[in-house]
Amino acid sequence: MLLVAFFCTLAAFIMGIMGLVQRPQHAKLLIGVYVFYYLIALLAVFVMLPSKALFSLIILNVISGIAYLPFLAFSSPNVTIEGPEKSGRPRFRSRNRGLNVAAAILGLLFLTSLFGAAQTRFGVKPVYNSLKIKTMKTAPLLDKDATPIAIAPKTVRNKMNKAMSTVPNTSYYKLGDLQTQVVKGKTVYIAPVEFDGFWRWQRARETPGYFMIDATNVNAEPHFVKQAMKYTPSAYLMDDAQRVIYNRFPGWVQEGQPQLEIKDNGEPYFIQTVYKARGVSSRINYHSLHVVVLNAKTGATSLYAAAKAPKFINESIASSTAAEMNDIFGWYGNGYFNAHFNKTGVKEPNSNGTEDGVTPVVDKHGNISYFNDFTSPKTSADSTMGYSMINARTGTLTYYTGKNIGVMDSDGAKKIAEKEYVAQKWTATMPIMYNIDGTPTWVVSLLDSTGAFRSYAYIKAADQSVKAYATTATQALDQYRVQLASVGSTASSTTNSKVTKTKGTVERVVVIPNGDTQNVLFALKGNDTLWTVGTADYPKAVLMKAGDQVNLTGRINQSAKTGTVETYTNQTFK
């Protein structure tokens, strides 16, 4: 930090040397003023942690140079003020070459900073070109046995805050930021226990550990893991995780905040996404993102390319960085001015995600990606233009189009999900689009006013009337697949579903709520198809029981082994 502070006041230092050469009798004043500004710069560096990038240093030198210039001018007797001109303003004339040169250097730095700022603001095309982009028309199919969504972060925080009483000396601490991670092959949420203020840090000096909870089970409860951590984002002075990373790598620009990642053995680390700025600007190069890994116990740090970080690190690219990548991809493919005037090819990312506007999603291989959908920049538009998945380790942005173009966007999905429970005032959160049986489908979680999970909603993105609600993801997925088969509108149902007549004896039956109506799921003896009949069409179907003789016609989805009843007669109970 001492060296960075010197670079931040280099202009003032040079100006002070020039002043000493010109007027050595003012040495005490010039040196004293410079020392004062150096101490101010040191304090600013300690608090703000500015990177040692060229653009950042130029800006800080312009500020320190402007502040130092009046003292340099005051120390020089060769500055005269002549009489007023016609304009009525006095004319300043200096015969001090040192002061003139200092002013020229300061002016050059100022112009350079303006150039760098202009490059940062308008030079977005090179930043767009640094993205690793793939475009695909077909999204991967959702495995029929998978539970595609996790418990909502708001629900997790609610549970973890209630469990804070299990932490020793709990009044010293507060719950930190949630992080999605795969540990021992299981998708979990983790959150560090952080210091609740300076005096608590001064007293404890270490946090006791972190919370972990299964991210795929709405009934899961968090458990506290004892792992003492000295270096955390909430610590102060030289125990501050961000400050430790800065001291080791001051030439790298930090993206977002340090986030917790843990090894399979439970050992905690804080990681920080970093990059090198481009030239005389603060422009990012997404093709060469790096990550600093900090051991929360020992303070040891290592720097890696994002894609080559240790295997236990799932999100070497921060969610805030992913959100910025979506902004660049959506807005600036054709340059800055096109984005704000012509808007040719512009796609506006929605901000309905759970972390900085994006939502972490875990695939069947344990890889985490950030999801976000895009809509038209027109304020009246409510349809999606596609969605992106950004690999949290490699930074590759995969953009899915195909059937995803022109269907309902995430804002619309949330509104549709909430309409079913207006009286209960449940709120929709974490909308994610999946490819279910070849059909773009929104999967949404519904929470009550306390943040507790209440229901899943599966909504066909191209037809809001096709939707299913259930308290478990498996039930909602099964009901939704039945509805897809009944309307015959998906890639799978178009080729695999057919209308058939059948009759038999009911072997198993269950009634499942679906919004304001109910679905009756039943199986027939000797038939491996799971049938569904809606009580909206056949109210008496809710009274069906095992042993009833039924006649029906329906449409079967062979791949899912589900069928939807079109006509139904119960011979036992008429």
Side-chain angles (χ1 to χ4, degrees), residues 142 144-160 162 178 180 187 189 213-222 352-354 359-362 371 373 408-434 436-437 439-461 463-484 486-487 510-521 530 532-536 542 560 562 564:
L142 180 71
K144 67 178 181 179
D145 297 321
T147 45
I149 57 177
I151 183 172
K154 186 176 180 180
T155 304
V156 173
R157 290 199 67 86
N158 188 24
K159 290 186 175 185
M160 287 185 176
K162 290 179 179 178
L178 284 179
T180 308
T187 305
Y189 281 112
I213 187 174
D214 186 345
T216 61
N217 182 3
V218 295
N219 297 315
E221 293 296 330
N352 291 316
T354 58
T359 300
V361 178
V362 183
F371 168 87
D373 69 310
M408 183 193 319
D409 66 3
S410 58
D411 284 331
K414 290 174 65 176
K415 292 176 182 177
I416 296 301
E418 291 172 350
K419 279 184 179 179
E420 294 291 330
Y421 299 98
V422 174
Q424 293 87 341
K425 296 182 180 180
W426 292 355
T427 57
T429 185
M430 205 166 61
I432 305 172
M433 184 178 284
Y434 288 96
I436 299 178
D437 297 342
T439 299
T441 302
W442 284 108
V443 181
V444 185
S445 296
L446 288 159
L447 311 180
D448 64 18
S449 58
T450 66
F453 172 83
R454 289 300 180 183
S455 178
Y456 291 118
Y458 281 59
I459 306 168
K460 183 180 177 184
D463 184 359
Q464 61 180 285
S465 65
V466 181
K467 54 185 180 291
Y469 295 83
T471 54
T472 69
T474 302
Q475 287 180 338
L477 181 58
D478 287 342
Q479 291 186 47
Y480 179 71
R481 277 198 163 108
V482 169
Q483 293 196 39
L484 287 181
S486 70
V487 298
V510 63
V511 179
I512 298 177
N514 185 23
D516 293 331
T517 63
Q518 294 173 308
N519 284 339
V520 180
L521 276 67
L530 178 65
T532 298
V533 58
T535 57
V542 74
T562 57
T564 301

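For this chain, numbers begin at 1 and follow the sequence in order.
Considering only heavy atoms from C-beta on, Lys460 stays 4.5 Å or farther from Lys467 through its side chain. Counting heavy atoms from C-beta on, the side chains of Val520 and Thr532 never come closer than 4.5 Å. In this structure, the side chains of Ile459 and Val466 stay at 4.5 Å or more apart for every pair of heavy atoms. Counting only heavy atoms from C-beta outward, the side chains of Asp373 and Met433 never approach each other to under 4.5 Å.
With sequence neighbours left out, the side chain to side chain donor-acceptor pair (under 3.5 Å) criterion links Thr450 to Asp448. Listed by chain and residue number, Ala152, Lys154, Thr155, Thr427, Thr429, Phe453 satisfy the side-chain contact (heavy atoms from CB on, under 4.5 Å) test with Leu447 (two or more places apart in sequence, or in another chain). Listed by chain and residue number, Asp463 satisfy the side-chain contact (heavy atoms from CB on, under 4.5 Å) test with Ser465 (two or more places apart in sequence, or in another chain). Listed by chain and number, the residues in a side-chain contact (heavy atoms from CB on, under 4.5 Å) with Asn352 are Asn350, Ser410, Asp411, Lys414, Pro431 (sequence neighbours excluded). Contacts of Asn217 classified as side chain to side chain donor-acceptor pair (under 3.5 Å), with partners at least two apart in sequence or in another chain: none. Thr472 pairs by the side-chain contact (heavy atoms from CB on, under 4.5 Å) definition with Thr474, Gln475, not counting sequence neighbours.
The main-chain N or O of Ala470 is found under 3.5 Å from a side-chain atom of Ser455 such that the two form a donor-acceptor pair. Side-chain atoms of Tyr189 come within 3.5 Å of backbone N or O of Ile151 as a donor-acceptor pair. In this structure a side-chain-to-backbone donor-acceptor pair under 3.5 Å is present from Glu418 to Ala428.
Nearest heavy-atom pair, Ile432 versus Phe371, reported as atom, atom and distance to 0.1 Å: CA-CE2, 3.8 Å.
Sorted by first then second residue, the salt bridge (charged side-chain N to carboxylate O under 4.0 Å, His left out) pairs that include residues 423-433, not counting sequence neighbours, number zero.
Between the side chains of Tyr480 and Thr441, at least one donor-acceptor pair of N or O atoms lies under 3.5 Å.
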Next item on the list: Go through the steps for Tyr458 and Leu477 under the test side-chain contact (heavy atoms from CB on, under 4.5 Å), then give the verdict.
Entry: CA-CA 7 Å; Tyr458 281 59; Leu477 181 58; 3.7 Å; yes

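Aromatic pair Tyr469/Tyr421: centroids less than 6.0 angstrom apart.
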